[in-house]
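Pasting a structure here, questions to come.
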2 protein chains.
Amino acid sequence: MSAMPAERQQLADDEVAARAGLAARVRELAEAAILTGADPAEAAAVADEVEALTARLAVGRSEAPPYVVEHTGVMERHSANPVTGTLNPFAPPVDLGVTPDGAVRGEFTLSPLYEGPPTYVHGGVSAMVLDQALGMAAAVSGTPGMTATLELRYRRPTPLGVPLLIEAKFSRLEGRKIWASGSIAGPDGRVTVEATAMFIQPQRFVTSGR
Amino acid sequence: MSAMPAERQQLADDEVAARAGLAARVRELAEAAILTGADPAEAAAVADEVEALTARLAVGRSEAPPYVVEHTGVMERHSANPVTGTLNPFAPPVDLGVTPDGAVRGEFTLSPLYEGPPTYVHGGVSAMVLDQALGMAAAVSGTPGMTATLELRYRRPTPLGVPLLIEAKFSRLEGRKIWASGSIAGPDGRVTVEATAMFIQPQRFVTSGR
């Protein structure tokens, strides 16, 4: 089904630091590119320079994002994720942590790159961030799964450029189905978007004998 | 509530072409940055060059994305959108068109930047693209609105790197509420994600006397 092979780079600490720095600079460039007042000739000149840097990065290029090898030897792939990934220039990135009681929580600010209605976050971007947080809440409960259903209720517009709070928690488990819920709130503490999701555990995680 | 002012650049044709070219090159750079096999020293050297280009683009920088002035004199803001925007380096971009019967339709391919489960599209990215398409289907029916609810059903994984088809259409209207539905399908024609959404028309579009 997929055209992408499974071969992955496995990054060590010093590589992660350099790549995260590169991703952060590309993220800033993307924001500068959409907000710039440069005239067409200067925009085209900068575009040529960007193309040259892309060519420099072609060395040893993989077909899929890297995994990160943690101190513990565990391989993790959230570092390349489009929501949380410090290695992914497209990710805001949202820094999601786990509280002592197993809830997922993070504070983040969205740049003008994520604008939908004027001055507000694109409704689809809020959905994207919530899917990630709810999936992580399901995973920290010990039962990771693929999203099966995701329901979003938009209570009020979510503002750009100010700190937002995202929270998510595991709700319940029935066989291979796991439910989680969560929300995004603005700096005034009022919830802007609520979400509920159901995830389905892949069969291989259930048959513990294998 | 929002920290973003409303001041916007209004771009003419030649500016749009140069900015879209710049956004396309930054999009390629982002993909190269996550897939590169460059060693830490080279990644850091390229990051420094990227930072210098960001500084060059600081000239006349706005605080919000631009609008595009069309031939007809109409101002449109989809060009900076995180889903469809050719001016937005983070947009894939998805080229959504309207069919003669008023349905929204587009073919698009997602790069490794949008990966969730290995080799598959992040569930939240599918949600983001569907929110945009359903909102556009509601808008072409003559009744644009803000997303109020969005419900997604994931039927099977959506593959990266191959052409995907998205379709959406207006369902019904009840006062200020507008429903739309749609789906994403893989190259084999099978639906991978289905969505239903309800949008609410802002009051100012309803009170036609003002």
Side-chain angles (χ1 to χ4, degrees), chain A residues 1-4 14-15 18-19 21-23 25-26 28-30 32-38 40 43-44 46-47 49-51 53-54 56-57 59-62 64-65 82 88-90 112-115 119 122-125 127-128 131-132 147-154 159-162, chain B residues 1-4 14-15 18-19 21-23 25-26 28-30 32-38 40 43-44 46-47 49-51 53-54 56-57 59-62 64-65 82 87-90 112-115 119 122-124 127-128 131-132 147-154 159-162:
Chain A
M1 184 79 173
S2 170
M4 306 262 308
D14 64 328
E15 293 171 312
R19 299 284 187 88
L22 174 60
R25 299 297 84 73
V26 175
E28 291 160 3
L29 178 66
I34 203 170
L35 300 179
T36 187
V46 171
E49 300 278 350
V50 172
E51 192 171 14
L53 295 177
T54 299
R56 267 176 75 175
L57 293 177
V59 54
R61 179 169 168 141
S62 299
N88 190 332
F90 174 84
L113 287 162
Y114 302 97
E115 183 177 66
T119 79
H122 191 285
V125 171
M128 178 178 76
D131 175 63
Q132 177 68 27
T147 315
T149 64
L150 176 62
E151 298 185 6
L152 301 134
R153 294 168 298 284
Y154 296 81
L160 291 168
V162 296
Chain B
M1 183 79 175
S2 169
M4 306 263 308
D14 63 327
E15 293 170 311
R19 298 286 187 86
L22 174 61
R25 298 298 83 71
V26 175
E28 290 159 4
L29 179 68
I34 202 169
L35 300 178
T36 187
V46 171
E49 300 277 349
V50 172
E51 192 171 13
L53 295 178
T54 299
R56 267 177 73 175
L57 293 177
V59 54
R61 179 170 168 141
S62 298
L87 303 180
N88 190 329
F90 285 1
L113 286 163
Y114 303 97
E115 184 177 64
T119 80
H122 190 285
M128 178 179 74
D131 175 62
Q132 177 67 29
T147 315
T149 65
L150 175 62
E151 298 185 6
L152 300 135
R153 294 168 297 284
Y154 296 82
L160 290 168
V162 295

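Reckoned from all heavy atoms, side chains included, excluding hydrogens, waters and symmetry mates.
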**Prompt:** Among B:Ala47, B:Gly21, B:Gly60, which residue forms the greatest number of heavy-atom pairs with chain A at distances under 4.5 Å?
**Reply:** B:Ala47
**B:Gly124 versus A:Met128, closest heavy-atom pair with distance** = O-CB, 3.3 Å
**Request:** Flag the pair B:Tyr154 / A:Leu150 as yes when at least one side-chain heavy-atom distance between them is below 4.5 Å, and no otherwise.
**Result:** yes
**Any side-chain heavy-atom pair of B:Glu49 and A:Glu49 under 4.5 Å** = no
**Request:** Compare all side-chain heavy atoms of B:Val50 with those of A:Val50 and state whether any distance is below 4.5 angstrom.
**Result:** no
**Message:** For chain A, which candidate among B:Leu53, B:Asp131, B:Leu57, B:Thr54 shows the most heavy-atom pairs at distances under 4.5 Å?
**Reply:** B:Leu57
**Message:** If you count heavy-atom pairs within less than 4.5 Å of chain A, which of B:Leu113, B:Leu87, B:Asp14 leads?
**Reply:** B:Leu113
**Request:** With sequence neighbours left out, write down each residue that passes side chain to side chain donor-acceptor pair (under 3.5 Å) with B:Arg61, or none if nothing qualifies.
**Result:** A:Glu31
**Prompt:** Heavy-atom distance under 4.5 Å to chain A: side chain of B:Ala30, backbone, both or neither?
**Reply:** both
**Asked** Can you list the residues that meet the salt bridge (charged side-chain N to carboxylate O under 4.0 Å, His left out) rule with A:Glu15, with sequence neighbours excluded?
**Response** none
**Request:** Name the option with the most non-hydrogen atom pairs under 4.5 Å to chain B; the candidates are A:Ala18, A:Pro82, A:Ala32, A:Gly123.
**Result:** A:Pro82
**Request:** Using the side chain to side chain contact (heavy atoms under 4.5 Å, CB included) rule, take A:Leu29 and B:Leu29 through it: C-alpha gap first, then chi angles, then the decisive distance, then the call.
**Result:** CA-CA 10 Å; A:Leu29 178 66; B:Leu29 179 68; 3.7 Å; yes
**Request:** Please answer whether the main-chain N or O of B:Thr36 pairs with a side-chain N or O of A:Arg19 as donor and acceptor at a distance below 3.5 Å.
**Result:** yes
**Request:** Might you point out which heavy atoms bring B:Pro65 and A:Pro112 nearest each other, and give the distance in Å?
**Result:** CG-O, 3.5 Å
**Where B:Phe90 and A:Phe90 come nearest, the two heavy atoms and their spacing** = O-CE1, 2.8 Å
**Prompt:** Pick from A:Val125, A:Leu22, A:Thr149: which one has the most heavy-atom pairs with chain B under 4.5 Å?
**Reply:** A:Leu22
**Request:** Count the heavy-atom pairs under 4.5 Å between each of A:His122, A:Glu28, A:Glu151 and chain B, then report the option with the highest count.
**Result:** A:His122
